[in-house]
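Right, one structure below, let's go through it.
Order of the sequence lines fixes the chain letters, A, B, ..., with proteins taken first and strands second; residue numbering starts at 1 for each chain. Only heavy atoms go into these numbers, but all of them, side chains included; no hydrogens, no water, no symmetry mates.
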Amino acid sequence: MSKTHVNAVVVGAGAGGGVVAKELSTHGMSVVLFERGDWVPFDAHDTDELLSQRTTVLGNAFGPDDARYRRVVENADGSTTVVFPSENDYNNVAACVGSGTVSYGAMAWRFMAEDFRMKSTYGSVGGSTLEDWPVSYEDLEHCYERAEWEIGVAGDASGNPFGSPRKKPFPMPPFTYNTEAKMLESAMKRIGLHPFPIPMLRNSVPYNDRPACVRRRSCCGFACPMNAKSGTHNTVIPTALASGNCELRTNCVVAELMVDDSGRITGVHYFDADGRGETQTADVIVIAASATETPRLLLNSKSTHHPAGVGNGNDWVGRNFQGHAYTGAFGLFEEDIFDDVGPGATIAISDFSHHNKGIIGGGILANEFTRLPYLFTGIRPPGSPAWGKEHKAFQRKYFRRNVQVVGPIQEMPVFDSRVRVDPTVKDHWGIPVVRLSGTRHARDVEGCMFLSSKAELILKEAGAEMTWQAVGGKGLSGGQHQAGTCRMGEDPKTSVTDRYGRIHETPNVFVADASLHVTNGGFNPALTIMALGYWVGEHITSEWQHGNRFT
Amino acid sequence: MNQKSKYSRREFLARAALSAGTLSLAASGLDLLNGCSSSGNGERNFFNEDEYHLVEAIAEQIIPTDDWPGGRDAGVADFIDIQLAGPYQRFQADYRRGLAAMERTCQELYRVKFENLPWDTQTAFLTRMEKGTLSSRDWDAGFAERFFELLRSHSLQGFYGSPRHGGNKNFVSYKMMGLDEIQTVGQNRYGA
């Protein structure tokens, strides 16, 4: 295909964009799918902890790279720091075909009905823009189901009485528990909790022409060399390409939306793989570039008709930046528990996701992904030496005798926690970079303290000789679970898009990533982003087939 | 309206040139990662010989030899030397300044190089760096703590990270922790 006009441009080949590209292209629409990164070679960073997508001290294995990308973080005192993608404060999301779905831990959670009705469930919260979604769990249920079957989830929800109602079972049986999960299962049941296997976007049996998982320790943060982990890169994107209607342009960086004299968005300006400035026109533009890069693109698209950026007439683009504060506890045991059955995380409880006394929302608790050797050097009881003989002896003695129970707390959205574009700092292509500012809501720490105390209780019941809590919830939010910056809603004054992800101010521009999340649940968000991809994609194709050209 | 990109090739080149120093260094770092697994043969990427031996002694303090080899034998100094010419180029100035300050301070206090101090004196010196209690014009405003943290975290990375980056020679830390290099379940059970 040449750069002729197409029906739709999709920006970002990740969890949301990959699904939208498949939906549109398999329904006869011509699509160009833009990805700033490239296909990931599965053998490039096989077991290299220091250069993975989880521990990034020598760089992000799957991008973005430190040479071309920058961000600015606004500190509490108003000063700013320029940060590199391999630094935590950058809040990176992988830059490759499939994005985070290549290297994630692959937990496949459905949000609960309450997660879409947080304000109705808990009332208003001072200092927070807590709100209901304009769509319900019932609206999205079939989209979750499609994600589970088309992309592939292994699980069994029968042991979770708090789980969302579902019409169909999972397409694959659950993963078996590893040794630590078996130990935790007994302990959880003894104290009246309801453990169950974590639903995973990984093949427990051969599925969709890909093999079953062999349970390596290097999984979370790594591409799967067996191709047993399911992402958009090995499911919906290949389907989109096979339709003959979708062209994937890798190593292409979209800089700005094109606008005509009437204010209509007509396509995108982008840089191709050789750094040349190019354009691509389309009838419909779908932005799925992550909760940091999607608002950046909108805010960088200023024109006479959109003086504050596209969709930003009411100054809501980039607001309510949220993620997940991770919180939990560690336990040390007298016997070896580590059995090297990857990826480590296998068991969870949803007992504390909602309706906890004095807490708004909550979160799941699960055993943690395998702590690889360098990551484990940071896991020590409070007051322990951080180096020297004792530190080394601990590494040797407790690597196989430590268990971590941890979970993501549902954060309260904060209006001034936000993504802007920096007035001076630009990236390799000359595009103004993301500037992050704000802090989490004070109530997030309360949720974290609550959940950490429960995690410690479980570890004590399991017989740990020593336990300690690691309580999160302070500072700037974001991270790889970033969300909320182009909130969907019924009221254009207090949201960026309508219930179908269409930007209120522009009839033909849609958002299809976690930017849409009004709230982010107490769950890893990948499956919800995929479900929203189906939700937005179904709407666009349905309207298109009825002759709507979004004018 | 003009539908051509507002970002011209010329502007792009001008912007690229502004950050050319960063880019060219980054490229050389990638080359090192691809072509160089470890040195240990006297060819340094960043350190001079004095710096290299000082870093070896520090790494040995961070991960001391016990029943298992320590930071020196695991090649931690090689790891740091390689990374400073690659992903850690942004720490070059800190290392040059910090290592020189350590050398000067040891000469002032003990009239001997750090690596020639008794073991416990070395430990005490590093502890003072960690806590920021060295008083000297070389250690202003939190620099000692910050530099010590670089030394500490980089040493641990060199010892516990993948051998492909120049440290963890002979997979010594993986062996110490009972983690065979082949990591598919079942394969590391035979003979256990």
task: Would you please indicate if the ring centroids of A/Phe333 and A/Tyr398 are separated by under 6.0 Å?
output: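 They do not qualify: ring centres at least 6.0 Å apart.
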query: Quick one: what part of B/Glu130 sits under 4.5 Å from any heavy atom of chain A, side chain, backbone, both or neither?
result: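 Interface part for B/Glu130: side chain.
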- request: Could you tell me which portion of B/Ser153 (side chain, backbone, both or neither) has an atom closer than 4.5 angstrom to a non-hydrogen atom of chain A?
  value: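 Contact with chain A involves both backbone and side-chain atoms of B/Ser153.
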query: Where the side chain of A/Thr56 meets the backbone of A/Ser86, is there a donor-acceptor pair that is under 3.5 Å apart?
result: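 The answer is yes, because a donor-acceptor pair under 3.5 Å joins these two groups.
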- request: Return yes if a side-chain donor-acceptor contact under 3.5 Å exists between A/Thr279 and A/His269, otherwise no.
  value: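 No.
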Which of A/Lys389, A/Arg400, A/Lys392, A/His391 touches chain B most, by non-hydrogen pairs under 4.5 Å: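 Top option by heavy-atom pairs under 4.5 Å: A/Lys392.
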- request: State whether B/Asp81 and B/Arg44 are salt-bridged, where the test is any N-O pair (Lys NZ or Arg NE/NH1/NH2 against Asp/Glu carboxylate O) under 4.0 Å.
  value: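 Salt bridge absent between B/Asp81 and B/Arg44.
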